[in-house]
**Q** 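First, the structure itself, so that you have it in front of you.
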There are 2 protein chains.
Amino acid sequence: MHQELQQHINHFITISSEELNEVLQYFRPLQLKKKQNLLTEGSICKHNYFTAKGCLRLFFINEKGIEQTTQFAIENWWLADYTSFEKQQPSSYNIQAVEKSDVLALSYTGQEKLLQQHPVMERYFRLMHQRAHAAAQFRIKSLYSLSREELYNIFSSAHPEFVQRIPQYLLASFLGFTPEYLSEIRRKTIS
Amino acid sequence: MHQELQQHINHFITISSEELNEVLQYFRPLQLKKKQNLLTEGSICKHNYFTAKGCLRLFFINEKGIEQTTQFAIENWWLADYTSFEKQQPSSYNIQAVEKSDVLALSYTGQEKLLQQHPVMERYFRLMHQRAHAAAQFRIKSLYSLSREELYNIFSSAHPEFVQRIPQYLLASFLGFTPEYLSEIRRKTIS
């Protein structure tokens, strides 16, 4: 599963194959079962996760005791609670595998060492965070400006395979719906 | 106004004063009047802005023709529409000075050259985007989990000076309130 990350790094930066081989040593492969937890609320987010295959989700438990999903990471996306990761303080989030997933984990101390030894990787992570920052700006705008139905329509046009693939109750949670409301919109869209 | 940026860079990375002097050449100082525009919807976001003094805001015009503020950048924060900036495509946002402000502008081509000539700056920008990414995760969680009143209370405890300083109608817009609702909450909090 290092191969997926290798291709992804090569897509974004110029790095020799010798150096890239050294870089890949910092990542620990994990094979996750569906619903396996990588982070639970109250513990420290010690790793930054790259999804090689499958899908992760970031969620918190709201006041009503309901899981609220705020972010997904499918293939080639990174996921962590970056406040907890950066400050090495307890997280208010959970990270879980949505489906059977292959993931590469980079520890906080591993990342620091990696970037000291291979500063070329600063560019890779700068580009990853810049991309995620742009995606978050779009998401915040959507939460302010779109009706729930528009949100669903834009999201499903942009990511049709993803919408087919993930459990509908998680998609509903991510979009701020009840599962019943999502079924209603889907019926409307199909008919 | 290069001095503020110099201090900020020195706070986050290790760089020689000679190299830092060269780095600072890439930034163009701008003195902005209150409400001066740096980006208007439909044009390309050609610069990444560092606030040395004052405050910028990112906003869009919603369907009802009302300005919706989604982000502020006070001293030592960066602001751009990063989708438009990264892809050099038209923006759906506006950037405006909230008050008289001193800003440093780094153009898209300037940033590319800067990072080629001074790769040490990749670390600085990686840290800036990581921090902004963490802030956006917190903001998205807040939009899902908090009532408007809780949002105001948490925001004003975290940033009391900021709440005093910016026009109340902008704070209301940022928090998703009407200005009337904000006045009501403030009265309640004071009494």
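All of these numbers come straight from a predicted model, not from anything done at the bench. The chains referred to below are lettered A, B, ... by the order of the sequence lines, with proteins before strands, and numbering in each begins at 1.
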**Q** Please assess E150(A) against E63(B) for the test side-chain contact (heavy atoms from CB on, under 4.5 Å), listing each intermediate value before the final yes or no.
**A** CA-CA 13 Å; E150(A) 285 168 327; E63(B) 279 188 352; 3.6 Å; yes

**Q** Given a strict heavy-atom distance threshold of 4.5 Å, which part of Q130(A) is in contact with chain B: side chain, backbone, both, or neither?
**A** both

**Q** Is it the side chain or the backbone of S84(A) that comes within 4.5 Å of chain B heavy atoms, both, or neither?
**A** neither

**Q** If I measure from the heavy atoms of chain B, does R139(A) come under 4.5 Å with its side chain, its backbone, both, or neither?
**A** side chain

**Q** R126(B) versus L115(A): any side-chain heavy-atom pair under 4.5 Å?
**A** yes

**Q** Report yes or no: do I61(A) and Y93(A) belong to one cluster of Ile/Leu/Val/Met/Phe/Trp/Tyr joined by side chain heavy-atom distances under 4.5 Å?
**A** no

**Q** Same hydrophobic cluster for Y26(B) and V103(B), using side-chain heavy-atom links shorter than 4.5 Å among ILVMFWY?
**A** no

**Q** Are there over 12 heavy-atom neighbours, none belonging to Q31(B), within less than 6.0 Å of that residue's CD?
**A** no

**Q** Out of M121(B), R131(B), E86(B), H129(B), which one racks up the most heavy-atom pairs below 4.5 Å with chain A?
**A** H129(B)

**Q** Below 4.5 Å, heavy-atom pairs only: which of N62(B), T83(B), L58(B) has the largest tally toward chain A?
**A**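 Top option by heavy-atom pairs under 4.5 Å: T83(B).
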
**Q** Taking atom CZ as the centre, does F60(A) end up with more than 12 heavy-atom neighbours from other residues, nucleotides or ligands that are less than 6.0 angstrom away?
**A**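 Enclosed: over 12 neighbouring heavy atoms sit under 6.0 Å from CZ of F60(A).
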
**Q** What's the shortest heavy-atom distance between L143(A) and Y144(B), and which atoms?
**A**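 Looking at all heavy atoms of both residues, the shortest contact is CD2-OH, 3.9 Å.
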
**Q** Please check if the number of heavy atoms outside R28(A) that lie under 6.0 Å from its CZ is greater than 12.
**A**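 12 or below, so no.
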
**Q** Name the member of A80(B), A134(B), A135(B), P119(B) that forms the most heavy-atom pairs with chain A at distances under 4.5 Å.
**A**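 Most pairs with chain A among the choices: A134(B).
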
**Q** Nearest 0.5 Å, what's the CG-CZ distance between L127(A) and F125(B)?
**A** 12.0 Å

**Q** Could you check whether any side-chain heavy atom of K141(B) comes within less than 4.5 Å of a side-chain heavy atom of Q71(A), counting everything from C-beta outward?
**A**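 No, their side chains stay 4.5 Å or more apart.
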
**Q** A side-chain contact here means heavy atoms from C-beta on lying under 4.5 Å apart; do T70(A) and Q137(B) qualify?
**A** no

**Q** Between S142(A) and chain B, which part of the residue has a heavy atom less than 4.5 Å away: side chain, backbone, both or neither?
**A**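 Neither part.
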
**Q** Is it the case that atom CD in E112(A) sees more than 12 heavy atoms from other parts of the structure closer than 6.0 Å?
**A** yes

**Q** Hydrophobic clusters here meaning ILVMFWY residues chained together by side-chain heavy-atom distances under 4.5 Å, can you tell me if F174(A) and L151(A) are in one?
**A**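 Cluster IDs for F174(A) and L151(A) match.
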
**Q** Should F50(B) and F27(B) be regarded as members of a common hydrophobic cluster, given that ILVMFWY residues are connected when their side-chain heavy atoms come within less than 4.5 Å of each other, either directly or indirectly?
**A**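 Same hydrophobic cluster.
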
**Q** In the single-linkage hydrophobic clustering (I, L, V, M, F, W, Y; side-chain heavy atoms under 4.5 Å), do L39(B) and L30(B) co-cluster?
**A**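 Shared cluster, yes.
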
**Q** Quick one: sort the Y82(B) and H133(A) rings into parallel, tilted or perpendicular, breaks at 30° and 60°.
**A**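 Tilted, since the angle between the ring planes falls between 30° and 60°.
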
**Q** Where does Y124(A) contact chain B at under 4.5 Å (heavy atoms): side chain, backbone, both or neither?
**A** neither

**Q** Does CZ belonging to F155(A) count more than 12 external heavy atoms closer than 6.0 Å?
**A**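 More than 12 within 6.0 Å, yes.
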
